[in-house]
Amino acid sequence: MAIGRVSEWRKLPLSLTELCIDTTLRCGQSFRWRKIEDEWHLALYGRILSLKQDPEYLHYKTTWPASTGGFPGSPEVKREGSAEESPSNDDTEQLLNHYFSLKHNAAELYELWSLNDLNFRKKAPKFTGIRIMSQDAWETLIGFICSSNNNISRISQMVHKLCKYYGPLIGHVGEEPFHDFPGPQALMGKGVESHLRELGFGYRAKYIAETARLVSEEKPRGWLESLTNPDNPGFDAEEDPARGRATYKEAHEQLLSLSGVGPKVADCVCLMGLGWGEAVPVDTHVWQIAQRDYKFGKVKTKTFSKAMYDSVGDHFRKIWGDQAGWAQSVLFTANLKSFSDRSIAKAEVDDVKVKVEDTVPETPVVLTTPKPRSSKKRQVAALETVKVEVEEVDTTSGTVRRSKRRKVQST
DNA sequence: CCGCCACCTTACGA
DNA sequence: ATCGTAAGGTGGC
């Protein structure tokens with residue numbers, strides 16, 4: 001494969017507080033970025049995107065393949081009609097602006113979340129520069145179908161296998177081949193499920209093949225993209241009339257019709273692939289955070305119910321507002337074992353600086369007006385009958401004391 | 001609706 | 001060593 005056109009390194013003025021790629025690209029949002037000698041690389045939309053960073057600038061470079069006409073027997077580079085013809089006008093800066101949601105000011109948002117949430121104020125300072133990425137919706141969907149009962153390391157391996165065996169080769173970095181993510185057509189073949197099982201995908205093999213078939217054949221053309229937040233459209237989406245008619249709740253509900261997509265995966269796609277900042281994916285980690293730091297009680301049941309799932313999301317949306325999913329991602333990362341070195345180092349400082357009473361969340365300031373929700377009444381009523389043990393954790397002494405029985409939700 | 005449990009695979013600690 | 005458990009859950013009872 002010959003190299004086509006290589007842009008010069010360019011740069012955007014961006015502090016590490018606004019974006020830290022070493023954290024953002026490794027915190028479990030995207031599973032394909034690879035770091036090679038201090039530079040991060042990704043095959044995306046028919047090109048290889050390269051990033052590196054210093055305290056003042058994000059440096060970026062685009063490498064296009066020599067031939068952009070597709071390869072014999074290879075799946076298409078990107079879904080319908082995305083023009084990757086002669087890249088005469090470099091859209092990389094536009095792509096980065098969208099990909100990292102640079103229209104938002106991270107420092108301002110962190111400040112806002114810290115204002116209303118003392119736990120966030122305590123945890124976030126060691127995890128600045130985390131941003132929610134606006135990734136390709138299809139890639140996000142498949143990536144998080146792979147994520148069930150799984151860890152980031154193996155998810156990454158699986159996604160790389162999808163690209164290696166089903167995605168078009170875009171180019172190389174050193175000796176390393178870089179493949180773009182395969183489209184729905186490429187993953188719906190009859191032999192795909194058994195092949196993916198051989199590759200170690202487990203029960204997710206069926207989910208992927210079935211979801212690919214659904215999106216490719218059962219759903220209308222452009223269905224997935226039509227679920228995009230109209231206020232946060234794709235970087236190359238202008239003349240798409242089908243795009244952006246949906247609400248967050250509608251997008252979430254629609255995604256549930258796919259195979260291997262439950263409420264958590266649907267929220268991941270909403271947040272990181274469709275631009276819905278209020279989507280809060282509640283996984284095992286976030287549930288632990290909600291219980292430990294936000295007074296969601298221990299429950300007897302092994303699995304938490306849909307009502308509890310919605311309750312956690314609603315609570316965080318109430319505290320954090322329109323970009324609740326972003327705030328959640330910061331705390332999620334702070335809670336990740338792979339970043340625990342920072343948490344531990346920080347905890348020692350915290351215990352000196354933060355008083356016990358400061359760890360108790362105050363009455364949250366409402367940042368957004370809650371939308372009326374009539375059909376929810378039954379769920380809320382059911383939830384209020386659930387009485388649970390509520391633990392209050394003294395972060396200074398490490399002891400745990402039980403309080404009187406209390407409701408999970410404080411409507 | 002709620003609560004179980006099987007589901008693939010891998011890595012890690014007891 | 002062998003086993004249990006957890007890993008960014010979902011689908012079917």
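Lettering of chains follows the sequences in order, A, B, ..., and the numbering in each one begins at 1.
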Check every atom of C/dG8, B/dC5, B/dC2 against the side chain of A/Phe144 and return the nucleotide holding the closest atom.
C/dG8
Nearest-neighbour nucleotide for the A/Asn149 side chain, C/dG8, C/dA7, B/dC5 considered
C/dA7
Mind telling me whether A/Tyr309 and A/Phe304 have parallel, tilted or perpendicular rings, with 30° and 60° as the class edges?
parallel
Take atom NZ of A/Lys300 and atom P of B/dC2, then tell me their distance rounded to the nearest Å.
16 Å
A/Lys264 (side chain) and C/dG9 (base): donor-acceptor pair under 3.5 Å
no
Within the 6.0 Å centroid threshold, strictly below: A/Phe201 and A/Tyr207
no
Given B/dC4, C/dG9, B/dC2, which nucleotide is nearest the side-chain atoms of A/Lys302?
B/dC4
A/His285 side chain N/O closer than 4.0 Å to the phosphate oxygens (OP1, OP2) of C/dA7?
yes
Is it the case that A/Asp22 and A/Trp40 place a side-chain donor and acceptor less than 3.5 Å from each other?
yes
Using atom CD1 of A/Ile208 as one end and atom P of C/dT10 as the other, report the distance to the nearest whole Å.
14 Å
Compare side-chain N and O positions of A/Arg197 against OP1 and OP2 of B/dC8 and report whether any pair is under 4.0 Å apart.
yes
Would you indicate what A/Pro263 reaches in the nucleic acid, counting non-hydrogen atoms under 4.0 angstrom: base, sugar-phosphate, or nothing?
sugar-phosphate
Take atom CG of A/Leu336 and atom C1' of C/dA6, then tell me their distance rounded to the nearest Å.
14 Å
Quick one: A/Leu141 CG to C/dG9 P, roughly how many Å, whole number?
16 Å
What nucleic acid atoms does A/Val282 come within less than 4.0 Å of, heavy atoms only: base, sugar-phosphate, or nothing?
nothing
Full working for salt bridge (Lys or Arg N to Asp or Glu O under 4.0 Å) between A/Arg34 and A/Glu176
CA-CA 10 Å; A/Arg34 278 183 282 179; A/Glu176 282 294 304; 2.9 Å; yes
Answer with base, sugar-phosphate or nothing: what part of the nucleic acid does A/Gln29 contact at a heavy-atom distance below 4.0 Å?
base
Ring centroids only, cut at 6.0 angstrom: are A/Tyr110 and A/Phe127 within range, meaning strictly under it?
no
Donor-acceptor pair under 3.5 Å: do we get one between A/Arg154's side chain and the base of B/dT9?
yes
Look at all strands and tell whether A/Gly28 reaches a base, only sugar-phosphate, or nothing, counting heavy atoms closer than 4.0 Å.
base
Any strand counts, and the cut-off is 3.5 Å on both contacts for Watson-Crick or G-U wobble. Which nucleotide pairs with C/dG9?
B/dC7
Candidate nucleotides B/dC7, B/dG3, C/dT10, ranked by approach to the side chain of A/Tyr203 - the nearest
B/dC7
A/Met272 vs A/Tyr207, nearer the 5' end of DNA chain C by closest nucleotide:
A/Met272
Let me know the distance between CZ of A/Arg204 and C1' of B/dA6, rounded to the nearest Å.
13 Å
